[in-house]
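Read the structure below first, then the notes.
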Amino acid sequence: MAKDDSQDKKPPVDTKKLTMIILAAGKGTRMKSPLPKVLHPVAGRPMIEKVIDASKKAGVSDLRLIVGHGQKLVRSVVEPMGVICFAQEHQLGTADAVRSAQIETIEGDVVIMNGDHPLIEAEDIQKFVKVFRDEKCDLAVVTAVVKKPDAFGRIVRHMGQIKAIVEAKDASADTLKIKEINTGIYIVKAEVLAEYLPQIKNHNAKNEFYITDLISLCLEDQCKVMPIKASAKVAVGVNTQSELAKATKLLFLRKARRLMEEGVLIIDPNATYIEESVQVGPGSVIYPNVFLKGRTKIGSFTVIEPQVFMSDAEIGDSVQIRAGTYIEQTIVQAKASVGPYARLRPETNIGEEAHVGNFVEMKKVSFGKKSKAGHLTYLGDAEIGEDVNIGCGTITCNYAADRKKYKTKIGNRVFVGSDTQFVAPIEVGDDAVIGSGSTITKNVPASALAVARAKQFVKENYTSKVSELKKEE
Ligand code: UD1
Ligand code: CA
């Protein structure tokens, strides 16, 4: 059906229609894992999400994902991303997978891509499409020269011109020496695809229908077929667990390099694990073995010491996060310091210049400006004002025998002595003082002193009397 392109608000690479077919139906036998290959996480996210994101950002107008093996699971991940899935019933090879995309309904240009190349970026795809269009190609294949071509399909050239792609399994010893390989990315005119795809046969070592045979079929009919050389990173495919680890490493390294270019101090980029989605401000320092995940956002001049794990955290400017700290869905405001060995659980908000020290756990806590909880403390479901001192060993008893959670509210400038328990629900007014060792079960008004512990009992000369008794025995 003819489509009025003028109605498209966001133009893709150019105004011509661009369809992307991503192949993700294979079993991933070499992964030796029960998880479908494309769901294996690369630098924190399923690899298929990376490929889909890159395609969307490249301005693809129609995205079709081929699913098969483990499709229920794959769909549960990609359909919420708005991706339309097409099922390939039997995994009869990459050409058969493309056939499942209902290619007769496609117009314009088509990018075909393997779902197991997670290092691909939108700019790469845009560049390939531009070359394909500028050179008025019928078919283009993206190639790369690599040191170890291993299992990749080899690009066979004659007098510099591409002739065919030969799969490693079907290649002669001489062909195997070729270092230029097929990255598994093809760009083809929809009508060319519709004409030659049905002609592909499965006469090869695996008895599969190879999409790579499109090249020789198109060449036989004098179509314009062009190899487009790309950087080696585009060739990083994932077929085994060790390739998965390599891809992850490269992605973390790429993120570290980008942050360094933006002025972030990274002590050892090889031991830094920052996901692509994370933001870090200039002048901040990241020590080794730090994991920053998801929507984590870190301000400027903030220091993150070793062995810190953060997921969806929002950390302000000039904050100190000391070694061994674990933070999830928490806000830490400017100039605060946290850790070493603190645990901040979801829905916690640490105020400006506040201090959370070692072995302190908080969950669902708002902790006011300049307040301090220096040591060995559990605060849960609590609202704590400004300039409060929480003594060592303080516990909010928020979970009651009725299996419900109750709140502790502490006003401004309250001084909580060490080893205090607040039995929630409980409220303490501004400027109150709680004596050490208290179990607070009743509300404390503003400016009051509350002490709730057994009175001290003293018996003089106790030890000498005990020894006399022993002698008599
Ligand atoms: C393929 C290419 C090879 C290239 C390499 C790049 C073919 C025949 N070979 O080999 O030239 O160098 O990629 O990484 O295309 N898939 C399906 N349905 C199937 C089979 C595969 O959807 O029936 C999907 C897989 O899920 C995967 C992609 O296609 O995402 C590639 O399949 P894979 O088996 O990994 O191909 P390679 O052997 O790597
Ligand atoms: Ca592969």
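Start at 1 and go down the list; that is how both ligands and their atoms are numbered. Values below: all heavy atoms of this structure, side chains included; hydrogens, waters and symmetry mates excluded. Keep in mind the model is a prediction, meaning the values are calculated, not measured.
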Going by the side chain to side chain contact (heavy atoms under 4.5 Å, CB included) test, name the single residue among Leu344, Ile321, Ile274, Thr330 that passes it with Met310.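 Per the side chain to side chain contact (heavy atoms under 4.5 Å, CB included) rule, the option paired with Met310 is Ile321, out of Leu344, Ile321, Ile274, Thr330.
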Quick one: does His69 get within less than 4.0 Å of ligand 1, heavy atoms only?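 Contact absent.
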Among the heavy atoms of Ala97, does any lie under 4.0 Å from an atom of ligand 1?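 Contact present.
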Do any N/O atoms on [X] end up under 3.5 angstrom from N/O atoms on ligand 1?
X      : value
Gly153 : yes
Glu167 : yes
Ala25  : yes
His90  : no

Using the rule salt bridge (charged side-chain N to carboxylate O under 4.0 Å, His left out), only one of Arg133, Lys189, Lys130 pairs with Asp109; which is it?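 Of Arg133, Lys189, Lys130, salt bridge (charged side-chain N to carboxylate O under 4.0 Å, His left out) with Asp109 is met by Arg133 alone.
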Name the closest protein heavy atom to [atom], giving the residue it belongs to and the distance to 0.1 Å.
atom                    : result
atom 37 (P) of ligand 1 : Arg30 NH2, 4.0 Å
atom 23 (O) of ligand 1 : Gly93 N, 2.8 Å
atom 32 (O) of ligand 1 : Thr94 CG2, 4.0 Å
atom 8 (C) of ligand 1  : Tyr210 CD2, 3.3 Å
atom 18 (N) of ligand 1 : Gln88 OE1, 2.7 Å
atom 30 (O) of ligand 1 : Leu23 O, 2.8 Å
atom 39 (O) of ligand 1 : Asn239 OD1, 3.6 Å
atom 16 (N) of ligand 1 : Gly26 N, 3.7 Å

Is the Ca ion (ligand 2) less than 3.0 Å from at least one N/O/S atom of Asn239? yes
With rounding to the nearest 0.5 angstrom, report the CG to OG1 distance, Asn398 to Thr408. 7.0 Å
Mind checking the CG-NE2 spacing from Asp213 to His203? Nearest 0.5 Å is all I need.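 With rounding to 0.5 Å, CG (Asp213) is 10.5 Å from NE2 (His203).
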Could you pull out, from Asn182, Val51, Leu92, the option with a heavy atom nearest to atom 12 (O) of ligand 1?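 When every heavy atom of Asn182, Val51, Leu92 is considered, Asn182 comes closest to atom 12 (O) of ligand 1.
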Where the closest heavy atom to atom 31 (C) of ligand 1 is concerned, which of Ile185, Asn114, Val236, Thr183 has it? Asn114
Pair Gln307, Asn289: side-chain N/O donor-acceptor within cut-off below 3.5 Å: yes
Would you call Glu361 and Arg345 a salt bridge, taking side-chain N to carboxylate O under 4.0 Å as the test?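 Between Arg345 and Glu361 there is a salt bridge, with a charged N closer than 4.0 Å to a carboxylate O.
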Any ion pair linking Arg322 and Glu305 (charged N to carboxylate O, less than 4.0 Å)? yes
Residue list, ring pair (Phe, Tyr, Trp, His ring centres under 6.0 Å) with Phe309, at least two apart or on another chain: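 Counting only residues at least two positions away or on another chain, Phe309 forms a ring pair (Phe, Tyr, Trp, His ring centres under 6.0 Å) with Tyr326.
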